[in-house]
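Let me begin by presenting the structure, written as structure tokens, before commenting on it.
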Amino acid sequence: ATNNNPFELARRYLAGLDPKPSSGHNPRDPLQADRAVVTIAPFPGQASFDPNYNVTEARGLFKAVGTLVDALISQSRFLGQSVSLLKAPDSFSRFVVAPSDDKAAPGQPALMSSCLGAFGGFVSKKFRQRDFQLGRRNCQRFLQQHFVLDAENPIIKNGLSADPKALIRNFRAADDSSSNRPAGKDYIPIVPLCGSAAVAIDHPGRPTVPESMVKDLSGKASDRVAALVKALTAGSSTFVRIGVGAASLIFKGRLKGAIQDYLVNGLGPTVEKGK
């Protein structure tokens with residue numbers, strides 16, 4: 001119901017598998033790590049610090065309710081206390097796969113479908129296709145650059161015994177500032193990519209939608225609302241049905257305009273104005 005991430009349950013279970021007396025956590029050192037939890041977080045959080053936060057505006061009832069709902073959703077999605085260890089350069093027992101777009105402009109979310117409360121993918125099939133390809137690119141880079149261990153770790157070293165120099169040369173994870181790993185060591189993917197899986201996936205870009213499509217969608221949405229209201233009042237008295245019908249005619253244009261403004265604001269620069 002709340003999209004809860006059972007990260008801690010998995011971590012504790014893995015820690016309990018160690019036959020030796022344990023400190024309650026899994027080995028984190030790149031030379032000793034032999035188990036890890038990989039958490040997949042499609043929407044780990046979009047909020048950022050706002051230095052111009054308006055307290056008067058935020059304390060309104062409807063604003064407060066909306067913020068509370070957002071907070072509950074965010075809390076159930078991701079364990080904030082895990083972030084520090086996920087980013088620690090010497091922690092190899094926790095990994096995360098999350099949307100990342102190195103070519104997005106400042107303020108732009110990695111996933112185009114994440115706009116409009118994560119319903120942006122319903123606006124255009126192009127958004128869903130693009131995010132799927134970005135996910136493939138992210139996962140490929142995760143396996144090649146981040147899901148790695150020190151070449152001297154027994155799990156890796158045993159697999160390199162045939163020809164260690166050649167295998168390290170062919171599969172070594174490139175030095176990546178985003179990984180924050182200690183420099184001067186060879187890191188090898190736990191799941192090496194071979195054949196077609198190793199062919200680099202191109203960046204999918206950021207497709208746009210014409211403003212005319214947004215207007216058409218807004219009209220269909222307002223028609224749908226009017227049809228639902230009519231269906232809900234079908235069993236009412238004639239006076240109520242006439243009143244609802246008149247109100248639909250009067251406010252349909254305003255409703256369409258409100259929906260259109262909401263879509264345009266939510267989609268931002270994705271909308272091509274004048275097309």
Atom pair [atom1]/[atom2] of [X] and [Y] - distance to nearest 0.5 Å:
X	Y	atom1	atom2	answer
D131	S113	CG	OG	4.0 Å
R35	I155	CZ	CD1	9.0 Å
E152	K185	CD	NZ	9.5 Å
S93	Q32	OG	CD	11.5 Å
I156	L167	CD1	CG	11.0 Å
L31	D150	CG	CG	4.5 Å

Where at least one partner belongs to residues 107-129, residue pairs that pass salt bridge (Lys or Arg N to Asp or Glu O under 4.0 Å), sequence neighbours excluded
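Found none.
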Using the six-membered ring wherever Trp is involved, compare the ring planes of F142 and F147 and label them parallel, tilted or perpendicular (cut-offs 30° and 60°).
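Aromatic pair F142/F147 classed parallel.
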Under the side-chain contact (heavy atoms from CB on, under 4.5 Å) criterion, do R137 and D102 qualify, and how do the steps go?
CA-CA 11 Å; R137 176 181 166 89; D102 54 339; 3.7 Å; yes
For residues [X] and [Y], determine if any side-chain heavy atom of one lies less than 4.5 Å from a side-chain heavy atom of the other.
X	Y	result
P30	N153	no
V148	I190	no
Y187	F171	no
E272	V209	no

Mind running side-chain contact (heavy atoms from CB on, under 4.5 Å) on L193 and Q140 for me, showing each step along the way?
CA-CA 8 Å; L193 300 184; Q140 184 184 61; 3.6 Å; yes
Are [X] and [Y] joined in one hydrophobic group, where the rule is that I, L, V, M, F, W and Y side chains link up if heavy atoms are under 4.5 Å apart?
X	Y	answer
F95	I188	yes
I168	V191	yes
M112	I201	no
V38	L143	yes

Indicate the atoms forming the closest heavy-atom contact of [X] with [Y], along with that distance.
X	Y	result
S100	A110	N-CB, 3.8 Å
L160	A151	CD1-O, 4.1 Å
P207	F127	O-CE2, 3.8 Å
V271	E211	CG1-CA, 3.8 Å
P164	S161	CD-O, 3.8 Å
A173	Q145	C-OE1, 3.7 Å

Does a side chain donor of either R141 or Q144 reach within less than 3.5 Å of an acceptor in the other side chain?
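There is no such pair (donor and acceptor under 3.5 Å, judged by atom type) between the side chains of R141 and Q144.
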Verify side-chain hydrogen bond (donor to acceptor under 3.5 Å, both in side chains) between Q133 and R136, making sure each step is shown before the conclusion.
CA-CA 5 Å; Q133 293 301 328; R136 293 182 66 231; 2.9 Å; yes
Could you walk me through whether K256 and D223 satisfy the salt bridge (Lys or Arg N to Asp or Glu O under 4.0 Å) test, starting with their C-alpha distance in whole Å, then the side-chain angles of each, then the deciding distance to 0.1 Å, before giving a yes or no?
CA-CA 8 Å; K256 178 182 177 180; D223 289 342; over 6 Å; no
Test of understanding: with salt bridge (Lys or Arg N to Asp or Glu O under 4.0 Å), list the residues that count as partners of R172, not counting sequence neighbours.
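In terms of salt bridge (Lys or Arg N to Asp or Glu O under 4.0 Å), with neighbours along the sequence ignored, R172 is linked to D175, D186.
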Which residues pass the salt bridge (Lys or Arg N to Asp or Glu O under 4.0 Å) test with D29, sequence neighbours left out?
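Listed in chain order: nothing, the list is empty.
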Verdict with reasoning, V123 to L217, per side-chain contact (heavy atoms from CB on, under 4.5 Å):
CA-CA 8 Å; V123 174; L217 185 62; 4.2 Å; yes
Apply the test side-chain contact (heavy atoms from CB on, under 4.5 Å) to residues R130 and R206: give CA-CA distance (whole Å), side-chain angles for both, the deciding distance (0.1 Å), then the verdict.
CA-CA 7 Å; R130 181 265 179 193; R206 298 187 73 87; 3.3 Å; yes
Please check: side-chain N/O of D216 versus main-chain N/O of S212, any donor-acceptor pairing under 3.5 Å?
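Such a contact is absent between D216 side chain and S212 backbone.
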